[in-house]
Amino acid sequence: KNKVIKIWSAGCSTGEEAYSIAIIIKEISHLLSDFNIEIIGTDISLKALEIAKKAKYSGKSISTIPKEYLKYFLKKNNSLILKDEIKEMVKFFQFNLINEPFPLYQFYGQDIIFCRNVFIYFQPSSIKRVARNFFLSLNEGGYLILSPTESLWGLNEDFTLTKYDDVFLYKKEEKIPPKIREKIPEIEKIAEESEEIKPYLLKMKMILWQTWKEPWQWKCCHKSGMK
């Protein structure tokens, strides 16, 4: 298995969303036998993350679980505890989405980012910045999924709004010119050979991408000897 699907639950709170994703992945695992699945959940609240890691839920959190998914839980008194086979599919850690500078090397390469019911708490300026970071973190063809009440209208021009059934998704569609694209495999090849310099080479890759967005930087790169 050398193919990877990366999924990020941003603002995951107590983990219900991230684990729901894991259960669905488990249910269709026969269709994904050629892939390794990496699911991460991040949140600013350490208290929420501790609950997520314990994966013990009760009350409202378990009232809407489909019956066919109950096989992934163990019942204890009035609570349900997720089985290890699901818990082990998700890695949780603390992260503040609006902190800068954004550690792109840590999140780059995502295929799907879920960020539901998070932007409603942000100022427009923060939404712009976080949406931009999400865009840079996604692979080409990747998706950002918000809640039905949230929108990037007037806040971001990078994403392409697409519709799947009755759901609106934000898709990353980049059309990088050949002169820029042909340099990217060279950088990735070097990065594979050295874990230590991977973050720095990733920054160089993003500089190449930026030169397409802002042509004046391309001229600066040539002057500095980067061809």
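Not measured: the values here are computed from a predicted model.
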Fill in: Electrostatic pair Arg132-Asp158, nearest N-O below 4.0 angstrom
yes

Item to complete: If the plane angle is over 60° it's perpendicular, under 30° parallel, otherwise tilted; pick one for Trp8 and Phe107.
Response: parallel

Worksheet item: What pair of heavy atoms forms the shortest contact from Ser13 to Ala52, and how long is it?
Response: O-CB, 4.2 Å

Item to complete: Tell me whether Tyr19 is reachable from Ile81 by hopping between hydrophobic residues (I, L, V, M, F, W, Y) whose side-chain heavy atoms are closer than 4.5 Å.
Response: no

Worksheet entry | Identified side chain to side chain contact (heavy atoms under 4.5 Å, CB included) counterpart of Leu97 within the set Asp43, Val118, Ile44 | Val118

Fill in: Atom CG of Asp84: over 12 foreign heavy atoms under 6.0 Å
yes

Worksheet item: Does a side-chain N-to-carboxylate-O contact under 4.0 Å join Glu150 and Arg116?
Response: no

Item to complete: Could you pull out all residues at least two apart from Lys26 that satisfy salt bridge (charged side-chain N to carboxylate O under 4.0 Å, His left out)?
Response: Glu85

Which donor-acceptor pairs under 3.5 Å do side chains of residues 61-71 form with protein atoms, sequence neighbours excluded?
from  : atom 1 : to    : atom 2 : distance (Å)
Ser61 : OG     : Glu16 : OE2    : 2.9
Ser63 : OG     : Lys60 : O      : 2.9
Lys71 : NZ     : Glu27 : OE2    : 3.2

Worksheet item: Does Phe119 belong to the same Ile/Leu/Val/Met/Phe/Trp/Tyr cluster as Trp153, with side-chain heavy atoms less than 4.5 Å apart forming each link?
Response: no

Worksheet item: Pick one: which of Val90, Ile112, Ile39 meets side chain to side chain contact (heavy atoms under 4.5 Å, CB included) with Ile21?
Response: Ile39

Worksheet item: Do Phe134 and Tyr143 have ring centres separated by under 6.0 Å?
Response: no

Worksheet entry | Verify same cluster id: Ile127, Ile120 (apolar side-chain graph, 4.5 Å) | yes

Discussion item. So which atom in Met89 and which in Ile25 form the shortest heavy-atom distance, rounded to 0.1 Å?
Written reply: CE-CG2, 3.8 Å

Fill in: Asn139 to Gly109 - nearest heavy-atom pair and separation
ND2-O, 2.9 Å

